[in-house]
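To start, the structure under review is shown below, and the notes come after it.
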Number of protein chains: 2
Amino acid sequence: MMSLGGQASDTPKNGGLSRIQERNRSLILDAALSEFSRKGFSGATVERIAAEAGMSKSNLLYYFSSKEAIYKATLAHILEVWLAPLKTLDPGGEPARELAAYIRQKIEMSATFPEASRLFANEVMQGAPQILPILEGDLRRLVSEKSRVIQDWIDAGKMRQVDPVQLIFMIWATTQHYADFSIQIKALTGKDLSDPVFFEETENSITTLILNGVGLTAPGNDD
Amino acid sequence: MMSLGGQASDTPKNGGLSRIQERNRSLILDAALSEFSRKGFSGATVERIAAEAGMSKSNLLYYFSSKEAIYKATLAHILEVWLAPLKTLDPGGEPARELAAYIRQKIEMSATFPEASRLFANEVMQGAPQILPILEGDLRRLVSEKSRVIQDWIDAGKMRQVDPVQLIFMIWATTQHYADFSIQIKALTGKDLSDPVFFEETENSITTLILNGVGLTAPGNDD
DNA sequence: TTGCATCTTGACCATTTGGTCAAATTACAC
DNA sequence: GTGTAATTTGACCAAATGGTCAAGATGCAA
């Protein structure tokens, strides 16, 4: 698990949580994700998070020692699930199928957890004050590892020459765009990823463009 | 010019500005772009903007009636230049050359005005409270118009079938990603678009991927 | 130089907001 | 049921911050 600094742990021995604690922490983190993703760290207020979690501000501060602690916990909570799909890229698989699966997973994330995407984007755009060490550490290693996988596919003549890191960036950019800029997309098309038809259209467009872009063709949908 | 609502104009007859006014407004808008793009609307403080502009908070409020007024003016100031490249897409040109030129312009914007990109991203991610009308109006019309251009190229058999709007989204996503997430990109690669080599690499990767993606090949660089 | 409009500022105010604390309430082991 | 620890809250505080205002400084036309 990726840890977010912090010496004073706000999550003591994970098993040592009462039912009430478990429930309230979960309520708080949900509310915090909603609030932070919509307003950013500065724009969010502890009071509103507490209200959305159905408790008083004082009580919320009984579970998390400060606004920043809530923020860090929220980030940590989403970061793992947000970066997980890349880990599934399988060196043994066929490039077309693997990349298509990765893209699909990323779009599904954007559709299912748009708030997480926006929170992450916000954090990075502010200079990644909390997660910079993770970006430079775990994430960098993961990207290196998966770049190696892609490079091997290229070396094996299975796909066109392309900088693997740039390819990963482009997949991130295109897929996350639909979550981060969903308001703009809705303003321009009237739809967003919550519309199943638009979701399929989008997945198809991105997959086709990127696979074609690296000299592959979309694999059949026989799963 | 795209106007940002607001009945009480903070920019009276454009010609009627004294030298002092012109200079100070410009200093303020520069400082505001820097501050708002780094901290977002809520995180920015009028005091810091004033300091960066080299004047007192009171004096800044002599030129702009409120924090929101500064924010609106800053947005209006960058919006036009930010959306301009799309307008240059020429129906009479060849798709490969036109798209390559558009992509290049967008990457140049990301390299030259990353703060503008982040400010715009921030505004949209917060729900576009200020610019939603523009997105739904002028921008929507512009995108429709240019989608028509792309669709005509497709109908003429000049490029592969693709949803033109989705193609535009993907160009926006990939190019702006390098400005909005430059911290992440720097953490992962050690470089950003201010590095000429990385700039060229990036332009090449994006252009190649997208043009190949729509069945085109990059045009020669004989300009 | 004079007089007026423009420009600039420090003092000040009201509100918001993150965080503290003591007291009250509730959950639960025995 | 009793007692202790966990939970919850309202009252309160200090700092930050957007904005006002009256007074002073400066620019400039005559």
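- Protein atom CZ of B:R25 is 14 Å distant from nucleotide atom P of C:dT6, rounded to whole Å.
- For residues 170-184 of chain B, the set of pairs meeting the salt bridge (Lys or Arg N to Asp or Glu O under 4.0 Å) definition, not counting sequence neighbours, is empty.
- Contact check, A:N59 against D:dT7: no side-chain N or O comes under 4.0 Å of OP1 or OP2.
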Polar atom pairs (N or O), protein with nucleotides 21-23 of chain D, under 3.5 Å:
none

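- Separating the CD1 atom of B:I28 from the P atom of C:dC7 is a distance of 11 Å, rounded to the nearest angstrom.
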Per-nucleotide protein contact string for nucleotides 12-18 of chain C (B base, S sugar-phosphate only, - none; heavy atom under 4.0 Å): -----SB

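- B:S147 is listed as a side-chain neighbour of B:I168, based on a closest heavy-atom distance under 4.5 Å.
- Partners of A:R19 according to the salt bridge (charged side-chain N to carboxylate O under 4.0 Å, His left out) rule, which considers only residues two or more places apart in sequence or in another chain, do not exist here.
- Residues in residues 111-130 of chain B take part in no salt bridge (Lys or Arg N to Asp or Glu O under 4.0 Å) pair, two or more places apart or across chains.
- Every residue two or more places apart in sequence or in another chain that forms a side chain to side chain donor-acceptor pair (under 3.5 Å) with A:T202 is listed here: B:Q166.
- Taking the ring pair (Phe, Tyr, Trp, His ring centres under 6.0 Å) definition, one finds that B:F169 meets it with B:W172, sequence neighbours left out.
- One can place CZ of A:F64 at 13 Å from P of C:dG19, the figure rounded to the nearest angstrom.
- Using a 4.0 Å cut-off, some side-chain N or O of A:Y62 falls inside it from OP1 or OP2 of D:dT7.
- In this structure, the CZ atom of B:R23 is 13 Å from the C1' atom of C:dT6, given to the nearest Å.
- Looking at residues two or more places apart in sequence or on another chain, you find no salt bridge (charged side-chain N to carboxylate O under 4.0 Å, His left out) involving B:E201.
- With sequence neighbours left out, B:R23 forms a salt bridge (charged side-chain N to carboxylate O under 4.0 Å, His left out) with no residue at all.
- Taking side-chain N and O atoms only, B:N24 has no distance below 4.0 Å to OP1 or OP2 of C:dT6.
- Atom CD1 in B:I49 sits roughly 11 Å away from atom P in D:dG19 (whole-Å rounding).
- Between the side chain of B:T208 and the backbone N or O of B:S205 there is no donor-acceptor pair closer than 3.5 Å.
- With sequence neighbours excluded, no residue forms a salt bridge (charged side-chain N to carboxylate O under 4.0 Å, His left out) with A:E145.
- Legend: salt bridge (Lys or Arg N to Asp or Glu O under 4.0 Å) pairs involving residues 42-65 of chain A, not counting sequence neighbours, sorted by first then second residue: A:E35-A:R48, A:R38-A:E52.
- Atom CE in B:M55 sits roughly 14 Å away from atom C1' in C:dT6 (whole-Å rounding).
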Summary of protein contacts for nucleotides 24-30 of chain D, nucleotide by nucleotide, where a base hit scores B, a sugar-phosphate-only hit scores S (4.0 Å, heavy atoms): ----S--

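- Separating the CG atom of A:L27 from the P atom of D:dT7 is a distance of 14 Å, rounded to the nearest angstrom.
- Distance A:Q21 CD to D:dA6 P: 9 Å, rounded to the nearest Å.
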